[in-house]
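First the structure, in the form of structure tokens, and then the observations on it.
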Amino acid sequence: MTKVRTRFAPSPTGKMHVGNLRTALYAYLIAKHEGGDFILRIEDTDQEREMEGAVDIIYNTLQKTGLIHDEGPDIDKGFGPYVQSERQAQGIYLEYAKKLIEKGEAYYCFCTEERLNGLETEIDGKKLTKYDKHCLHLSKEEIQAKLDAGIPYVIRQNNPTEGTTTFVDELYGDITVPNEELDDMILIKSDGFPTYNFANVVDDHLMEITHVVRGNEYLSSAPKYNRLYEAFGWEVPTYIHCPLITDENHKKLSKRCGHSSFEDLLKEGYLTEAIVNFVALLGWCPSDNREIFSLPELVEAFDYHNMSKSPAVFDMVKLSWMNGEYIKSMDDEKFYEMALPYIKEVITKDLDFRKIASMVKTRIETFKDIREQIDFFEEVPEYDIEMYTHKKMKTNTENSLTLLKEVLPILTECESFDNDSLFEMLQNFAKEKGYKTGFVMWPLRTAVSGKQATPGGATELMSILGKDETIKRIEAAIEKLS
RNA sequence: GGCCCUAUGGUCAAGCGGUUAAGACAUCGCCCUUUCACGGCGGUAACACGGGUUCGAUUCCCGUUAGGGUCACCA
């Protein structure tokens with residue numbers, strides 16, 4: 001059996017879309033599961049849409065996610081160059097296009113934009129054009145004359161208008177379309193660059209790609225590719241079209257969503273491991289139904305035959321849950337390092353950040369959640385005194401006030417302000433008075449935090465705030481309640 | 001509109017002719033508890049519809065419906 005070779009072929013036009021990321025992931029997994037090679041190819045044939053820095057984004061993303069390529073612009077294993085503009089400069093595409101012309105499978109087209117516009121029809125507000133093979137019938141002499149005159153041209157694929165074309169997709173099976181539907185698509189643009197459609201086929205063949213992994217949106221253009229392979233007499237690779245990823249409205253993920261790109265998700269406080277894990281499960285499921293996978297585990301378990309055919313909604317809620325799982329199982333030291341910048345964002349005081357980090361660890365789903373969890377350490381927020389009223393604790397503003405007054409002197413005299421002693425002491429106090437623990441803890445926690453929910457109990461908060469600050473806050477609370 | 005694809009709970013999804021139709025997220029309830037969370041236990045919730053094929057269809061076939069994709073000198 002020949003070695004599996006898959007490729008990720010993004011065009012450097014901007015951010016890393018999560019759909020693209022998943023395609024890259026699947027291509028990587030398919031190769032690695034079989035011990036094959038994963039190749040990176042840059043498809044920069046559209047000079048207009050090309051964006052500065054986009055290539056770096058591609059490298060960074062692959063690096064960060066661990067989708068390490070075996071070959072690429074930076075690692076030439078004899079199939080280079082791996083950048084299409086460089087291949088274009090070598091004349092590769094034109095050479096192959098001319099081969100097709102010789103075979104009658106392609107032809108020069110000199111049609112002007114105006115003429116093409118005349119071919120447009122409008123349906124449902126969308127402009128559709130089907131080329132009418134106008135230039136197919138130009139004589140050799142006419143073509144040469146136009147070429148000599150320097151008239152701009154494109155090269156078009158010459159597709160049949162009758163019969164059908166069938167191609168095979170590993171997931172979707174045989175797909176047959178009437179040839180009438182096949183437009184004479186452009187292979188070489190008037191600027192001399194190949195179109196994606198053409199460059200893709202030529203390069204996949206030249207780079208000996210065995211499995212073409214790409215998004216479902218290419219399914220309908222696949223027959224044209226097939227004809228190209230056949231026209232060249234090349235072996236058709238295995239096609240694997242991945243189901244689409246959609247937003248919650250079941251529409252193709254768009255830039256508008258805010259969570260459509262890898263970078264956005266990182267910015268939102270998600271971990272790359274969680275993103276990769278989550279995205280892997282969008283359209284694929286292991287036989288044992290496991291959910292948490294590291295990349296090596298995915299390599300081991302991934303089998304593209306289990307891929308789903310229907311589109312999947314990108315569910316932020318579940319991503320958040322999964323991110324929380326990753327955070328909880330994270331090494332404490334590593335978590336501390338990652339959490340620290342977020343903690344410092346809201347706390348300028350000199351508090352025990354390590355303790356705060358560990359308190360918050362089981363309570364967040366993304367790092368961004370940290371802020372609102374701990375901001376009260378810096379300063380007690382404005383709060384309604386009704387917060388002292390709690391049915392289950394049997395507290396209200398009145399008994400909270402008397403309780404705080406009772407506890408204040410005890411705390412003032414208290415020497416050790418660590419959590420354990422505080423808790424023991426307050427529990428004893430409660431016992432003596434015949435109070436339930438919660439009855440004393442609730443007002444204290446409220447007084448000290450001004451929050452309905454905090455990342456720890458009353459005594460934990462107090463031990464972190466320290467004696468002085470705690471007393472100050474309780475006094476302020478007494479004042480507020482009086 | 002043509003062509004193509006898809007169709008199991010709100011979401012991701014097991015299932016691949018005979019099952020009490022898994023599991024996860026979300027949701028709800030209970031327990032744990034110094035609040036919240038974590039954790040534990042449990043509940044609600046699905047085979048789009050109509051025809052076939054078959055002893056028997058969620059599963060196979062055909063329609064209908066619904067959704068999506070695509071129809072560029074973009075990829």
*Considering only side-chain heavy atoms of A:Val317, which listed nucleotide, B:A26, B:A37, B:C74, is closest?*
B:A26
*Counting side-chain heavy atoms from C-beta on, which of B:C25, B:G68, B:C3 comes nearest to A:Asp315?*
B:C25
_Residue among A:Asp169, A:Thr23, A:Asn216 satisfying side-chain hydrogen bond (donor to acceptor under 3.5 Å, both in side chains) with A:His241_ = A:Asp169
_Note, A:Val213 side chain near A:Tyr304 side chain (heavy atom, < 4.5 Å)_ = no
*When you measure from the side chain of A:Ser190, which nucleotide among B:C73, B:C5, B:A72 comes out closest?*
B:C73
*Choosing from B:G2, B:U11, B:U6, which nucleotide comes nearest the side chain of A:Val313?*
B:U11
*asked:* Any N or O donor-acceptor pair under 3.5 Å from the base of B:A24 to the side chain of A:Lys318?
replied: yes
*Out of A:Gln373, A:Glu460, A:Arg445, A:Arg363, which one pairs with A:Thr454 under the side-chain hydrogen bond (donor to acceptor under 3.5 Å, both in side chains) rule?*
A:Arg445
*Closest heavy-atom pair and its distance - A:Cys135, A:Cys111*: SG-SG, 3.6 Å
*Looking only at side-chain atoms of A:Lys126, point me to the closest of B:G1, B:G67, B:C5.*
B:G1
*Which nucleotide in the list B:U35, B:G23, B:C71 gets nearest to the side chain of A:Met393?*
B:U35
*Name the closest nucleotide to the A:His250 side chain, picking from B:G1, B:G67, B:A75.*
B:G67
*Would you state whether a donor and an acceptor, one from the side chain of A:Thr454 and one from the base of B:U35, lie under 3.5 Å apart?*
yes
*Between B:C73 atom C1' and A:Leu187 atom CG, what is the distance in whole Å?*
12 Å
*Distance between P atoms of B:A22 and B:C30 (Å, rounded)*: 26 Å
*Figure out the CE/P separation between A:Met322 and B:A26, and round it to whole Å.*
11 Å
*asked:* For the base of B:U34 and the side-chain ring of A:Phe423, does the geometry meet a stacking cutoff of under 5.5 Å between centres and under 30° between planes?
replied: yes
*If we call it a pair only when both distances are under 3.5 Å in a Watson-Crick or G-U wobble match, what pairs with B:A13?*
none
_Counting only Watson-Crick pairs (N1-N3 plus N6-O4 or O6-N4) and G-U wobbles (N1-O2, O6-N3), all under 3.5 Å, who is the partner of B:A48?_
B:U64
*For B:G15 and B:C74, measure between their P atoms and round to the nearest Å.*
42 Å
*If we call it a pair only when both distances are under 3.5 Å in a Watson-Crick or G-U wobble match, what pairs with B:A57?*
none
